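Single-structure report; data block below.
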Amino acid sequence: MRYGETGFNLEIDLSRGNIERVENDPVDTELYLGGLGTNAKIMWDRVPPEVDAFSPDNLLIFSAGLLCGTPAVGCNRTIVTTISPQTKLLAFSMMGGFWAPELKYAGYDKVIIRGRSPSLVYLYINNDKVEIRDATHLQGKGSNETTDLLRQEVKDSNAQVAAIGLAGENRVFFASIEQGRSSASRAGIGAVMGDKGLKAIVVRGTRDINVARPAEFHGLCSEVLQYIKKREDNPIPGVMPILAGLGSPQEMKIHDEKWHTESFMWGNSRVRRKDFWTEEVASEWTQTLENTRTRLISCYNCPMKCGGTISIPGLPTYMMKCFSKLTYTMAAFSDLDFGLKIAQRATEYGVDGFSTPQVMAFALELHENGILTDDDFPEMPSDSEGRFYYLLDKIVRREGIGDVLANGTYWAAQEIGKGAEEYAHNNIKKIEQLPLKLSMLNPIYFLMYCTGEKINITQIEGQFPQMPFPKREQREEFVKDWIQVPDDRFKQYFLDWELRGDNSMPFYPTVEMCCDIVDWQEKMHYIDDALGMCAGLSSFPLKPPYHIHNYPKFISSGAGIDMDEDKLTQAAKRYRTLIRAINVRRGMRREDEKPPEDHWKKRFPELEKDLLDTYYKFKGWNEQGIPTKESLEELSLDYVSEDFRKRGILTGNGDTPAADTPAKEEKE
Amino acid sequence: MGEKKKKIIKTIKVDVDKCNGCRACEVICSAFHAEPKYSSNNPARARVRVIRHPLRDIYIPVYAGEYAPAECMGRDQYTIEGKEYEECAFCRASCPSRDAFKEPDSGLPLKCDMCESDPELDEPMCVQWCLNDALIYETREEEVEEDAVAQQEEVEIGLEALAGKYGLQNVMDAVARMSKKD
Ligand code: SF4
Ligand code: SF4
Ligand code: SF4
């Protein structure tokens with residue numbers, strides 16, 4: 001018997017209308033765990049680097065994590081993996097909500113989609129019954145609208161629906177896949193779904209998920225629940241409220257937005273408004289949220305409440321998650337009322353809440369500076385809010401300039417030319433980043449920004465405080481119950497970290513310490529993405545309930561795979577390295593690994609070079625960021641090393657040939 | 001007739017306003033009632049069901065009550081604070097009109113047993129797992145008249161109805177499975 005997982009994948013060929021139920025290999029689970037890990041293995045094996053995001057040969061994989069569907073609290077992530085139209089690299093966004101556990105109960109670990117349907121369809125999965133069904137009547141419908149209609153159509157309010165809106169249908173490069181209160185938003189995976197002609201996947205299941213050692217597993221779950229309770233009753237002192245508790249940042253709960261509105265940038269990630277948060281603004285925004293937020297809501301099997309139901313008079317109700325609360329507001333220099341209203345339309349369209357507002361602010365900046373002209377924006381309203389609605393519609397419909405903007409700031413700038421590139425200033429690996437512009441280089445964040453392959457800072461940071469605490473006593477207090485550290489040396493790093501003086505940034509933590517810290521933080525995210533765990537209970541917040549010491553026990557007693565910390569660390573390193581290998585094979589090199597030029601004012605080129613050199617070595621990669629032959633073989637990734645040699649990415653003796661510059665070519 | 005007896009009445013008070021829709025109550029109920037205990041998980045077997053319509057802001061945890069051999073003749077529809085609730089939204093019955101509160105494979109009715117177990121739990125599992133206090137457990141003592149004979153008759157009528165619907169063998173299997181748990 002298989003534990004934790006079901007042991008079966010669905011293989012769907014949309015070109016031929018073929019459906020197969022295929023047993024997956026438990027040996028792969030042991031090596032790559034599940035979720036993101038096994039997705040990466042499939043992508044490596046079946047999607048060669050020549051395959052484009054919008055090729056029928058590109059795969060779109062919806063995977064439940066290894067422990068989704070078990071009672072492990074907060075384990076509900078769906079990991080969607082494909083090739084991104086925006087980065088042309090691996091995209092592996094995930095979403096919370098209710099979809100992944102339902103897939104497990106239907107009897108499947110993954111849905112692997114290939115091909116392209118000649119007309120719009122949806123996939124209906126109800127236990128053994130799996131059908132590709134006509135969806136032409138859903139063409140152009142919003143994501144929530146689609147969900148509602150499909151639930152009626154299949155006569156089951158418990159069916160879980162992942163759907164795209166118009167943006168996905170029109171292959172907008174930052175289109176999302178929406179699922180009620182959650183979405184998989186980054187890197188344009190909704191566009192790939194649209195390209196495949198797949199409007200939605202409806203899933204319903206009523207089967208059991210088994211665990212290997214029931215009493216032990218239940219004990220672990222209960223401990224986590226108790227810990228969450230305790231941790232919620234005792235927020236961490238000395239850090240700002242949104243970092244003090246668990247879960248995703250509690251944007252739907254809190255009213256005080258002083259920190260975000262005054263520290264993050266407005267417009268096209270340009271303007272800092274240091275005295276923005278007045279009492280007047282505070283009371284107005286509080287009122288807005290109080291009047292529209294009807295309930296705080298959670299994902300499957302989680303006591304937290306990170307999402308909110310938003311009902312604005314005159315508009316359909318929708319559910320909001322996290323920071324999209326402010327992204328539209330701040331990009332448009334507007335207020336919360338506007339932000340909540342436009343987010344409703346954006347959710348129905350299905351677009352990423354980070355990229356979309358920045359793309360629109362970018363367009364308006366180009367207009368202001370004469371790079372785009374009035375002719376590019378026929379009949380555009382004159383007020384900022386009106387312009388944002390106007391642009392959103394143009395982009396999602398790919399009309400006029402919207403067709404160019406729908407490819408994101410990087411590609412739009414390339415196409416527009418005339419110096420537009422200067423305005424696409426907030427990207428890493430071609431994707432719009434959080435609008436942050438800071439002063440002093442933070443060496444830990446430097447490494448995370450450079451090397452994070454999920455390309456969002458929130459998907460690599462966590463665990464280690466973002467800033468030193470001013471007083472030693474505070475730091476001593478903090479490390480007292482810091483059980484999550486993999487080793488006590490991390491406590492020492494933090495104890496000695498000062499705001500000023502010798503032990504302050506950018507030279508402390510030292511280069512070696514930074515490597516250690518970044519590696520730990522990243523590792524926890526990768527483990528979450530394989531198990532299907534919410535980062536909000538694990539890799540993202542300080543002192544989370546899940547960590548490197550209890551995870552092996554969860555995997556052993558839940559999935560019945562013998563696991564200890566070393567083996568888990570090795571497995572995470574294996575599929576993390578495999579993801580890098582996929583991207584390297586697609587041309588990613590050192591020159592792609594850099595933060596936006598203007599992210600920090602005070603930069604330290606020599607230190608930065610040293611950081612990257614040392615981190616690459618630490619990870620077993622060469623000076624180009626390519627995994628070396630030795631490190632690949634040590635991870636039983638001999639097949640990657642062999643492929644690299646054949647393609648001339650590594651020479652026979654494990655070096656990178658000097659002439660290897662595919663990443664550059666692609667840019668020209 | 002019957003004699004007066006003291007009886008502990010166990011109640012779970014549901015505050016729908018506090019529910020965040022997580023379904024943890026369903027998760028843990030099904031795990032607790034798995035055989036062996038906690039060995040599997042399947043909300044479709046839970047004896048509590050959260051009726052959810054997120055976009056209408058409807059979240060109602062409903063507990064499985066008595067088995068009803070036939071569906072009701074008339075149905076109720078409620079509007080509370082502007083929200084329209086579907087027919088049967090508040091009903092606890094395992095009845096032919098819907099899938100809720102039936103074992104997914106056999107179709108046998110499910111009923112909340114307040115997590116009866118030995119030793120007795122401090123609180124039912126669903127209450128323990130609802131950290132949002134949407135479910136609150138209360139006990140009170142009441143004097144009740146017990147009529148053993150009448151009760152026995154009721155059991156037999158119930159069993160006959162079940163056998164008529166599911167076949168005697170299925171019912172016997174279910175009884176066998178239930179007694180294994182004790
Ligand atoms: S912590 Fe928040 S985001 Fe994570 S599973 Fe729970 S409700 Fe969802
Ligand atoms: S556990 Fe509580 S909050 Fe969660 S669905 Fe059940 S009743 Fe609602
Ligand atoms: S009281 Fe026990 S049996 Fe009844 S619904 Fe709750 S967990 Fe299930």
Side-chain angles (χ1 to χ4, degrees), chain A residues 1 3 69-74 76 97-98 101-102 104-105 127 144-145 147-148 151 155-158 180-181 204-219 221-222 225-226 228-229 232 294-307 309 311 316-319, chain B residues 16-46 49-60 81-83 85-86 88-89 98-100 102-107 121 125-126 128-135:
Chain A
M1 191 183 342
Y3 297 104
T70 72
V73 178
N76 51 45
F98 295 79
E102 200 70 38
K104 284 285 195 70
Y105 300 134
N127 293 327
N144 281 329
E145 237 180 320
T147 299
D148 234 21
R151 283 201 175 125
K155 297 191 183 66
D156 194 340
S157 61
N158 283 321
R181 69 156 311 292
R204 176 76 173 118
T206 56
R207 303 271 170 74
D208 299 349
I209 288 296
N210 301 299
V211 297
R213 300 202 291 272
E216 189 186 337
F217 191 78
H218 175 72
C221 295
S222 305
L225 210 58
Q226 289 315 311
I228 292 175
K229 209 171 179 172
E232 280 299 283
T294 44
R295 188 184 295 259
L296 292 171
I297 50 177
S298 76
C299 306
Y300 183 76
N301 191 23
C302 177
M304 306 299 294
K305 294 181 269 197
C306 306
T309 311
S311 283
T317 298
Y318 72 105
M319 290 170 270
Chain B
V16 296
D17 286 337
K18 289 195 175 142
C19 176
N20 71 352
C22 68
R23 303 174 65 189
C25 44
E26 297 180 12
V27 171
I28 199 59
C29 177
S30 78
F32 183 77
H33 290 88
E35 185 59 42
K37 209 172 253 182
Y38 305 123
S39 62
S40 71
N41 173 238
N42 180 0
R45 293 187 201 280
R49 227 35 88 71
V50 186
I51 294 183
R52 304 170 78 252
H53 294 284
L55 290 179
R56 290 198 274 136
D57 194 44
I58 287 173
Y59 298 87
I60 324 166
E81 287 183 349
K83 289 184 232 168
Y85 292 84
E86 67 199 42
C88 315
R98 60 177 181 185
D99 286 339
K102 287 174 194 147
E103 287 276 5
D105 22 5
S106 66
L121 304 179
M125 290 309 287
C126 54
Q128 287 185 36
W129 273 52
C130 181
L131 296 196
N132 286 298
D133 294 339
L135 310 176

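Lettering of chains follows the sequences in order, A, B, ..., and the numbering in each one begins at 1. The structure presented is a predicted model; accordingly, all values stated were derived computationally and were not measured.
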Apply side chain to side chain contact (heavy atoms under 4.5 Å, CB included) to residues A:Thr70 and B:Asn41 and explain how you reach the verdict. CA-CA 6 Å; A:Thr70 72; B:Asn41 173 238; 5.7 Å; no
Residue pair B:Asp105, A:Arg207: steps toward the side chain to side chain contact (heavy atoms under 4.5 Å, CB included) verdict: CA-CA 9 Å; B:Asp105 22 5; A:Arg207 303 271 170 74; over 6 Å; no
Determine, stepwise, if the pair A:Ser298 / B:Arg23 fulfils side chain to side chain contact (heavy atoms under 4.5 Å, CB included). CA-CA 9 Å; A:Ser298 76; B:Arg23 303 174 65 189; over 6 Å; no
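With chain A as the partner, the residue from B:Pro36, B:Ala31, B:Ser40 showing the most heavy-atom pairs under 4.5 Å is B:Ser40. With respect to chain A, the highest number of heavy-atom pairs below 4.5 Å among B:Cys25, B:Ser30, B:Pro43 belongs to B:Pro43. Ranked by heavy-atom pairs under 4.5 Å with chain B, the list A:Pro316, A:Ala215, A:Gly307, A:Pro303 is led by A:Pro303. Listed options A:Pro214, A:Ser222, A:Cys302 were ranked by heavy-atom pairs under 4.5 angstrom with chain B; first place goes to A:Pro214. In terms of non-hydrogen atom pairs under 4.5 Å with chain A, the most contact-rich of B:Asn42, B:Ile51, B:Leu55 is B:Asn42. Listed options B:Asp57, B:Asp99, B:Asp17 were ranked by heavy-atom pairs under 4.5 angstrom with chain A; first place goes to B:Asp57. The candidate from A:Asn76, A:Asn127, A:Val211 with the greatest count of non-hydrogen atom pairs under 4.5 Å with chain B is A:Val211.
A donor-acceptor pair is defined here as one N or O able to donate and one able to accept, closer than 3.5 Å; no such pair exists between the side chain of A:Asn301 and the backbone of B:Ile28.
If you measure heavy-atom distances from A:Tyr105 to chain B, the contacts under 4.5 Å come from the side chain alone. The contact between A:Thr294 and chain B is made by backbone and side chain atoms together, counting heavy-atom distances below 4.5 Å. Only the side chain of B:Ala44 comes within contact range of chain A, with heavy atoms under 4.5 Å apart. For a residue to count as touching a neighbouring chain, one of its non-hydrogen atoms must lie under 4.5 Å from one of that chain's; by this rule B:Pro54 touches chain A with backbone and side chain alike. Contacts between A:Phe98 and chain B at a heavy-atom distance below 4.5 Å involve the side chain alone, from C-beta outward. For chain B, the nearby part of A:Glu102 is the side chain; its heavy atoms alone come within less than 4.5 Å. If you measure heavy-atom distances from A:Leu296 to chain B, the contacts under 4.5 Å come from the backbone alone. Neither the backbone nor the side chain of B:Glu86 has a heavy atom closer than 4.5 Å to any heavy atom of chain A.
Not counting sequence neighbours, A:Asn144 has no partner by the side-chain hydrogen bond (donor to acceptor under 3.5 Å, both in side chains) test. Residues passing the salt bridge (Lys or Arg N to Asp or Glu O under 4.0 Å) test with A:Asp208, sequence neighbours excluded: B:Arg45.
The CE atom of A:Met304 lies 9.0 Å from the CG atom of B:Asn132; values are rounded to the nearest 0.5 Å. Rounded to the nearest 0.5 angstrom, A:Lys229 NZ and B:Leu131 CG are separated by 5.5 Å. With rounding to the nearest 0.5 Å, the separation of CE in A:Met1 from OG in B:Ser39 is 7.5 Å. To the nearest 0.5 Å, atoms SG (B:Cys19) and NZ (A:Lys305) are separated by 10.0 Å. Rounded to the nearest 0.5 angstrom, A:Thr206 OG1 and B:Glu103 CD are separated by 10.5 Å. Note: A:Arg181 CZ to B:Asn20 CG = 9.5 Å, rounded to the nearest 0.5 Å.
Using a 4.5 Å cut-off on side-chain heavy atoms (C-beta onward), B:Tyr38 and A:Cys221 make no contact.
Applying the 6.0 Å contact sphere to CG of A:Asp156 captures more than 12 heavy atoms from other residues, nucleotides or ligands.
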